Amino acid sequence: MTDRKNTGSLFTFLVFLALLLTLAAVLLSAYLRLESIGLGCEDWPECFGQLPAGRDHGLVPSTTAGAVHRFTASLLGLIVVAFTFLALRGRRPEGVGLAAPLAVFALTVFLSVLGYSTPSPEIPAVTLGNLLGGMAMLALLWWIGQRSVATAGASDHTVRTLRPWALLGLLVVAAQLVLGALTSASFAGPSCTVLPGCNGDWASFTSLMQGFDVFGRLGVDEQGRVVTGDLQRTLHMAHRLGAVVTFVYLAWLAIKAMKLDNSLRNTGISLLVFLVLQAGLGIAAVLTGLPLLLVTAHNAVAAMLLLAVVNLNHLLTPGGIPVAAPGGR
């Protein structure tokens, strides 16, 4: 029994270590990609959209960040292999199934292959796979970590009342992450520089459908810069409208959760804080011309918002490890 408990503790430690490394890898990847396509470049915005093949990558920050990213990803891969091995041997906490660790392992392999054989960034599916794959890994690792430790879950009444809405909240966040990834992958960031609307024609259903063709190549001019137009404006505005829907729904969900059950109070507060912070970063990024660090921070808070929603679903899902009663063993 003691041996199983100690092994479960090792499993939990490795999962949380993998979580931190995944967060670091996701943010470094976002920073490197945004810097490589010209976000925050000196001759802004004319220099934006220049594909990496045509730019100088000998800058120290990029080289250093790239080396750190490669080291982080390699170490992460080893840790994922380690806790997946423990999971397959049954050396995992009682609240953790086998499906989630295997899914993390599969995502690690997918992202590794994508990273080593990345084709041209003109294909949005490449960036989409990196961004969404990293976010999915974060969500799964946080879920596994929370199922590995004792947690005071919500009451049965709260679970029955709120769980369907929390699952819908997870879908809303996932949809908004997809829109954000499409916006980034299609070089649509600087396409709308005013609030609340956008310069030029953006309300086009045809452009929206074209934006979802993630395997099509983006247009590139003779200088190697991505050609932007109505498609990018449409995707940018779809992401903004999605942000409004996400803000309203998650704010309502957080307030409802706090009213229904005191055990959900901290998660509800976290949701509200990350929502306000994310909205503020998004508005500030547009008003200040999309500074590189501010846009990277926008990615970071998006990850935190996702983890808060995953945490809410964890607290509303039976089968976790219960908190021991006072005086119990």
Side-chain angles (χ1 to χ4, degrees), residues 22-23 25-27 29-30 33-34 37 103-104 106-107 110-111 114-115 118 121-143 165-192 198 202-218 226 228 230-250 253 271 274-275 278-279 281-282 285-286 290 295-310 312-313:
T22 301
L23 180 60
V26 166
L27 296 183
S29 178
R33 179 187 176 276
L34 293 170
I37 61 175
V104 171
L107 280 169
F110 167 74
L111 290 171
L114 193 64
T118 295
E122 300 165 54
I123 304 174
V126 175
T127 301
L128 201 67
N130 273 306
L131 289 174
L132 297 183
M135 289 294 186
M137 271 192 70
L138 273 176
L140 284 168
L141 285 167
W142 182 251
W143 173 266
W165 300 110
L167 287 170
L168 180 57
L170 190 59
L171 290 176
V172 169
V173 172
Q176 180 61 3
L177 286 173
V178 170
L179 286 173
L182 281 172
T183 301
S184 178
S186 300
F187 295 73
S191 297
C192 297
C198 185
W202 62 269
S204 169
F205 182 76
T206 301
S207 294
L208 184 62
M209 291 300 98
Q210 290 176 348
F212 282 98
D213 179 17
V214 297
F215 293 101
R217 285 183 175 271
L218 298 172
V226 172
T228 58
D230 291 346
L231 184 152
Q232 281 74 20
R233 284 189 285 270
T234 300
L235 285 176
H236 188 119
M237 288 304 296
H239 182 49
R240 285 193 195 178
L241 293 173
V244 173
V245 173
T246 302
F247 186 96
V248 172
Y249 183 82
L250 291 187
L253 182 63
L271 267 174
F274 290 136
L275 275 174
Q278 184 71 335
L281 286 171
V286 173
L290 301 178
V295 177
T296 305
H298 189 64
N299 280 268
V301 178
M304 295 298 101
L305 190 60
L306 172 63
L307 297 190
V309 177
V310 170
L312 179 61
N313 278 273

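Predicted model only: the values in this text are computed from it and were never measured. All heavy atoms count here, side chains included; hydrogens, waters and symmetry mates do not.
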Item to check | Trace of the side chain to side chain contact (heavy atoms under 4.5 Å, CB included) decision for L253 with L312 | outcome: CA-CA 10 Å; L253 182 63; L312 179 61; 3.7 Å; yes
Next on the checklist: L34 vs N299, test: side chain to side chain contact (heavy atoms under 4.5 Å, CB included). Steps then yes/no.
Outcome noted: CA-CA 11 Å; L34 293 170; N299 280 268; 4.3 Å; yes
Item to check | Audit row: L250, L305, side chain to side chain contact (heavy atoms under 4.5 Å, CB included) steps and yes/no | outcome: CA-CA 10 Å; L250 291 187; L305 190 60; 4.2 Å; yes
Next on the checklist: Using the rule given for side chain to side chain contact (heavy atoms under 4.5 Å, CB included), can you reason through L170 versus L306, listing the C-alpha separation, both sets of side-chain angles and the distance that settles it, and then say yes or no?
Outcome noted: CA-CA 8 Å; L170 190 59; L306 172 63; 4.1 Å; yes
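Between V295 and A285, the shortest heavy-atom contact is CG2-CB, 4.4 Å. Among all heavy-atom pairs drawn from S186 and L235, the shortest one is OG-CD1, 3.3 Å. Here the closest non-hydrogen pair linking G129 and L114 is C-CD2, 3.8 Å. Between L138 and A303, the shortest heavy-atom contact is CD1-CB, 3.8 Å. Pairing each heavy atom of A103 with each of L140, the nearest pair is CB-CD1, 3.8 Å. Across every non-hydrogen atom of W165 and Y249, the tightest pair is O-OH, 2.7 Å.
Taking OG1 of T296 as the reference point, atom CZ of R33 lies at 11.5 Å (rounded to 0.5 Å). With rounding to the nearest 0.5 Å, the separation of CG in L182 from CG in L177 is 11.0 Å. The distance from atom OG1 of T183 to atom CE of M237, rounded to the nearest 0.5 Å, is 11.0 Å. Note: L179 CG to Q176 CD = 5.5 Å, rounded to the nearest 0.5 Å. For the atom pair OG (S184) and CD1 (I37), the distance works out to 5.5 Å, reported to the nearest 0.5 Å. One distance of note links OG of S191 with CG of L231; it measures 9.0 Å at 0.5 Å rounding.
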Extract all donor-acceptor atom pairs below 3.5 Å that involve side chains of residues 240-247 and protein atoms in other chains or at least two apart in sequence.
unit_1: R240; atom_1: NE; unit_2: H236; atom_2: NE2; d: 3.1
unit_1: R240; atom_1: NH1; unit_2: V194; atom_2: O; d: 2.9
unit_1: R240; atom_1: NH1; unit_2: P196; atom_2: O; d: 3.1
unit_1: R240; atom_1: NH1; unit_2: G197; atom_2: O; d: 2.8
unit_1: R240; atom_1: NH2; unit_2: C192; atom_2: O; d: 3.1
unit_1: R240; atom_1: NH2; unit_2: V194; atom_2: O; d: 3.1
unit_1: R240; atom_1: NH2; unit_2: H236; atom_2: NE2; d: 3.3
unit_1: T246; atom_1: OG1; unit_2: G242; atom_2: O; d: 2.8

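Between H239 and H298, the angle of the ring planes goes over 60°, which puts this pair in the perpendicular group of the 30/60° scheme.
Side-chain N or O atoms of Q232 include none that pairs as donor or acceptor with a backbone N or O of F187 at under 3.5 Å.
Under the side-chain contact (heavy atoms from CB on, under 4.5 Å) rule, N130 has a single partner from L128, V126, T127, L132, which is V126.
Looking at heavy atoms from C-beta onward, V309 lies in side-chain contact with N313 at the 4.5 angstrom threshold.
Shown here are the ring pair (Phe, Tyr, Trp, His ring centres under 6.0 Å) partners of F274, two or more places apart in sequence or in another chain: there are none.
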